[in-house]
Amino acid sequence: MVQAVLPLADDISFRTGELCRAVGFPEFPDKHADLIREMLGPGGARPIDQPPAWPCDVADDHTPVEYSLAVDHTGRPAVRLLLETLGASPSLRTNVCAARELLPRLAERYGFSLAPFEAVAELFLPEDEEPQGRFAWWWSVVLRPGAPPAFKIYFNPEVRGRSAAPGLVAAGLDRLGFGGAFDTLTRRALRPGALDRYAFFSIDLHTQPDPRVKVYLAHHDADLAQLLRAARAAREVDEEQVREFTAIAGGGTGRFRARPLISSLSFLAGDTDRASGYSVYLPVRDYAEDDEVTLRRAHTLLTRHGMDPAVLDRALAVVARRPLNEGVGLIPHLSLRTGRPHTGLTVYLSAETYAVTPPRPESLAS
Ligand code: TRP
C-alpha cells in the first residue's frame, strides 16, 4: 500500500497546533489550523518528501515557516509564525500575488484596516520593475489563547536594490506619519559607511487606527557598542539588559563576524523622533556549536528574566525531530524586547522540514 505523504501546509498546520498545546493553550481551534494552511498559499500543497520548490529565506533549510515562542513576565507565552505565502510555481512575483489575494480575505475576517498597507504597498511591491532580493513579503501571525490572531507584514527595503533602501524606508515612515523617524535612524542608529543595512520594514495589521511600524537594521561585523548605539534611537532602553543578553545569547560581546546582529526600532502613535521600543535579534546558530549549547543559553536567559524554561522544553519536544547535539539551528535566533510595554524574550524554533545544519566544530564568537 502506498503511504500518503502530507502536503507541507498540513504538516506545518498540525505542528503549530502541537506547539500551541505543548505551551499550554487550552485548545487549538480548527480555524487556526485552516488559517495556517491558507496562509501558506497554493505552494503549500507540495508533499513534504519533495525538495523545496522555492529557496525561501525564512529558514536556513527553506521551510517557508519559522516558529517562535514569545515570553514575558505574564508567564503566558504567545506562539508566532514567520511565514512566506507560496504561489503555485513559487517566485518573488507569484508569492506576492498569492499574498495579495489572501490579504483582503484576512482583513475582512479579522476586521483589520488595510490603510497602512495601501499607504506603502506601491513602494515595497514594485510593479514597474522586477523585485530583487530574497523576499518581498513575509507575514507574522501571533497566536494567543482566547484572542484572534494578530498579523504583521514584513517588506524588503532592498526590493528595488540596495541603494534604493534608505529612500524606501524614509518614504514608508513618512507616509505612515513618522516623518521625523528617519532622521533619528540615520543620525543615531546607523554607522557611517555600509556596515548597517535596512533588513525589514514591518507594519502591524490591526483594528486600531494608529499605524505601528518596525524598522530592522542588520549590523554586519558589529559588537555590543553598535547595538547600544542603535538602542539609543529608542527611549528608555536598559543598556545593561542589552549587554547581558548579548553576552549570554552570543557567548561573548566581541565582534560578530558571521551572520549579522539585527536591531529593530518600533514606532508607535505619538513617536515623532525617537522610537518606543528596541529589540535585538542574535543569530545564535552561527555562534554556537550545537543546539545543546543554544538551548542552554536560552535557559539561562529565561531564568535570568524570571521566566520558566520548562515551557521551552515542552515546545522543543514537539518541534525537534532529532537529538539536540546532532545539529545547530533548531534555535536559529534569540531575541530581547525592551522598552514599552515591557521586557520580553523570544526563542525562535526551526521546523527543519528539509534539512539540518550539522554541528560546528567550534563556536565562531570572538
Ligand atoms: N532566515 C533569515 C535570517 O536568519 C530571516 C529571519 C528569519 C530572521 N527569522 C528571523 C531575521 C528572526 C532576524 C530575526 O536572517
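Numbers here are sequence positions counted from 1. Remember, it's 1-based here, ligands and their atoms both numbered in the order they're listed. No hydrogens, no waters, no symmetry mates; every other heavy atom, side chains included, goes into these values.
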| note | Counting from 1 in the order shown, the ligand 1 atoms closer than 4.0 Å to a non-hydrogen atom of L82 are 7 (C), 9 (N)

| request: Closest by any non-hydrogen atom to atom 4 (O) of ligand 1: pick that one out of H62, R259, R285, R134. | output: R285

| Would you find a donor on one side and an acceptor on the other, under 3.5 Å apart, between the side chain of H62 and the backbone of C56? | yes

| request: Please say whether H333 places an N or O atom under 3.5 Å from an N or O atom belonging to ligand 1. | output: yes

| query | Applying salt bridge (charged side-chain N to carboxylate O under 4.0 Å, His left out), which residue pairs with at least one partner in residues 14-29 are found, sequence neighbours left out? | reply | D11-R15

| remark: Short version for F135: what comes under 4.0 Å of ligand 1, heavy atoms counted, is neither

| query | Under 3.5 Å, is there a donor-acceptor pair between the R80 and Y348 side chains? | reply | yes

| Residue pairs involving residues 299-319 (criterion salt bridge (charged side-chain N to carboxylate O under 4.0 Å, His left out); sequence neighbours excluded) | E244-R304

| query | Numbering the atoms of ligand 1 from 1, which are under 4.0 Å from a heavy atom of W138? | reply | 5 (C)

| field | Whether R285 side chain and P332 backbone form a donor-acceptor pair below 3.5 Å | value | yes

| said: Checking a contact table here: which protein heavy atom is nearest atom 7 (C) of ligand 1, and how many Å away? | reply: V58 O, 3.2 Å

| task | Would you check the N or O atoms of E66, main chain and side chain alike, for any that come under 3.5 Å of an N or O of ligand 1? | result | yes

| Can you tell me the protein heavy atom closest to atom 5 (C) of ligand 1 and the distance? | D57 O, 3.6 Å

| said: Which label fits Y216 and F200: parallel for a plane angle under 30°, tilted from 30 to 60°, or perpendicular past 60°? | reply: perpendicular

| field | Numbered atoms and elements of ligand 1 in range of I262, under 4.0 angstrom, heavy atoms | value | 11 (C), 13 (C)

| said: Looking only at side-chain N and O atoms, does T338 offer a donor or acceptor that is under 3.5 Å from a partner on D238? | reply: no

